[in-house]
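Note that the coordinates shown come from a computational prediction; the quantities given were computed from them, not determined experimentally.
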Amino acid sequence: MAQSPVTGVYEFHRQEMVAGFNFSADCKFEFFYSYGAVDRSATGSFSISGDTLYLKSDKEAGKDFTIKSQSKEGSGYRIQFEDANKYLLSNIRCSFFIGTKRKDEYTDQNGLVETDLPLCDKIYVHHELFPDMVTLIKDEKNNNSQFTLTLNPSLGQVSFQGIDFKIDSNKLTTLMPSYMFPMEGVEFIKQ
């Protein structure tokens, strides 16, 4: 088996942000990320095509929340989030879609969002502290207006969906800003 050109440890440091990969010869990776009070991780596999590195995380994107209960009651929409860590209940964005129009509401400190929208087609939820792919909780076929959701342990993991890297000698560079690395020029340097 030919050794992958990206085996070893690659790290990125910028102010309070520290992130790193450990790539093994069997095309597996481990990832860590720490920024302020938020720590994240990932494991998975990788492939290379030309000078582009593609990551496939073990995490399934879009599954960070579970619907505990749902019902149709009254008017408007009510979404209650539950988790043992009360700190995580705020900073959750709920995006209500009517066709292509979007209205965002954020949870209060108790994990509650209420809106007087009479109808919406879709509702997506996304935790602002753990940027990753959104989770769809209501589609056009679902007529419910009251939801109770729990936060899944996968919230702290990264899916890497849509995040690819350019391989350049002993560094990996993000191809474009993303939900994980919103700034330009993110380079992971081989240690």
Checklist entry - Just wondering, are more than 12 heavy atoms of other shown residues or ligands nearer than 6.0 Å to CE in Met176? => result no

Next on the checklist: Using the rule that Ile, Leu, Val, Met, Phe, Trp and Tyr join whenever any side-chain heavy atoms are under 4.5 Å apart, tell me whether Ile167 and Leu175 fall into a single cluster.
Outcome noted: no

Checklist entry - Between Thr135 and Asp64, do the side chains contain an N or O donor and an N or O acceptor separated by less than 3.5 Å? => result no

Next on the checklist: Could you check, using the six-membered ring where one of them is a Trp, whether Phe46 and Phe160 have ring centers closer than 6.0 angstrom?
Outcome noted: no

Next on the checklist: Could you tell me if Ser71 and Glu73 have a donor-acceptor pair between their side chains, going purely by distance under 3.5 Å?
Outcome noted: yes

Next on the checklist: Given Phe130, which partner from the list Leu155, Ile92, Val158 fulfils the side chain to side chain contact (heavy atoms under 4.5 Å, CB included) test?
Outcome noted: Leu155

Checklist entry - Should we say atom CD of Gln161 is surrounded by more than 12 heavy atoms from elsewhere, each under 6.0 Å from it? => result no

Next on the checklist: Can a side-chain donor-acceptor contact be found between Ser154 and Lys63 if the only test is distance below 3.5 angstrom?
Outcome noted: no

Checklist entry - Does the ring centre of Phe21 sit less than 6.0 Å away from the ring centre of Phe165? => result yes

Checklist entry - CG/Asp139 to CG/Asp121 distance, rounded to the nearest 0.5 angstrom? => result 9.5 Å

Checklist entry - Do the side chains of Val186 and Met17 join up, straight or via other hydrophobic residues, at under 4.5 Å, putting them in one cluster? => result yes

Checklist entry - Transitively linked via ILVMFWY side-chain contacts under 4.5 Å: Phe97 with Leu119? => result no

Checklist entry - Could you give all pairs that pass the salt bridge (charged side-chain N to carboxylate O under 4.0 Å, His left out) test and reach residues 162-181, with sequence neighbours left out? => result Lys171-Glu187

Next on the checklist: For Val113 versus Cys94, what's the shortest heavy-atom pair and its separation?
Outcome noted: CG2-SG, 3.8 Å

Checklist outcome for this item: What one should report as the nearest heavy-atom pair of Phe81 and Leu89 is O-CD2, 3.5 Å

Checklist outcome for this item: Shortest non-hydrogen pair, Thr7 vs Ser24, comes out as CG2-C, 3.8 Å

Checklist entry - Only one of Lys101, Arg102, Glu105 forms a side chain to side chain contact (heavy atoms under 4.5 Å, CB included) with Phe96, so which one is it? => result Glu105

Item to check | Other residues, nucleotides, ligands: >12 heavy atoms within 6.0 Å of Glu82 CD | outcome: yes

Item to check | Hydrophobic cluster identity match, Leu117 and Ile79, side-chain contacts under 4.5 Å | outcome: yes

Checklist entry - Does the side chain of Pro131 come within less than 4.5 Å of Arg40's, by heavy atoms? => result yes

Checklist entry - What pairs with Tyr179 under ring-ring contact (aromatic ring centres under 6.0 Å, His included), at least two apart in sequence or on another chain? => result none

Tabulate below the donor-acceptor pairs under 3.5 Å that side-chain atoms of residues 28-39 make, not counting sequence neighbours, or state none.
from: Ser34; atom 1: OG; to: Asp39; atom 2: OD1; distance (Å): 2.8

Item to check | Partner of Phe188 by ring-ring contact (aromatic ring centres under 6.0 Å, His included), out of Phe12, Tyr10, Phe23 | outcome: Phe12

Checklist entry - Just how far is it from atom CG of Leu53 to atom OG of Ser47, taken to the nearest 0.5 Å? => result 7.5 Å

Item to check | Exam field: side chain Lys190 to backbone Val9, donor-acceptor pair closer than 3.5 Å | outcome: no

Item to check | Test item: Lys138 side-chain N/O and Phe147 main-chain N/O as donor-acceptor pair under 3.5 Å | outcome: no

Checklist outcome for this item: Scanning both residues in full, the closest heavy-atom pair of Met180 with Ile163 reads CB-CD1, 3.7 Å

Next on the checklist: Donor-acceptor check, side chain of Asp83 to backbone of Asn85, threshold 3.5 angstrom: yes or no?
Outcome noted: yes

Checklist entry - Looking only at atom types and distance, does a side-chain atom of Gln191 sit under 3.5 Å from a main-chain N or O of Ile189, one as donor and one as acceptor? => result yes

Checklist entry - Do Thr174 side-chain atoms and Pro177 backbone N/O form a donor-acceptor pair below 3.5 Å? => result no

Next on the checklist: Do Thr148 and Ser69 pair up side chain to side chain, a donor and an acceptor below 3.5 Å, judged on atom types alone?
Outcome noted: yes

Next on the checklist: Contact between Val134 and Ser95 at the side-chain level, heavy atoms closer than 4.5 Å - yes or no?
Outcome noted: no

Checklist entry - Which pair of heavy atoms, one from His127 and one from Leu88, lies closest together, and at what distance? => result NE2-O, 2.7 Å

Item to check | Minimum-distance pair of heavy atoms, taken over all atoms of Lys122 and Glu140 | outcome: CE-OE2, 3.0 Å

Checklist entry - Strictly by modelled atom types, are Asn142 and Asn144 linked by a side-chain donor-acceptor pair under 3.5 Å? => result yes

Checklist entry - Arg93 side chain to Tyr106 main-chain N or O, any donor-acceptor pair under 3.5 Å? => result no

Checklist entry - Going from CG on Asp51 to OG on Ser169, what distance comes out if it is rounded to the nearest 0.5 angstrom? => result 12.5 Å

Checklist entry - So, Asp108 side chain and Gly111 main chain: donor-acceptor pair closer than 3.5 Å or not? => result yes

Checklist entry - Do the side chains of Tyr87 and Val125 join up, straight or via other hydrophobic residues, at under 4.5 Å, putting them in one cluster? => result yes

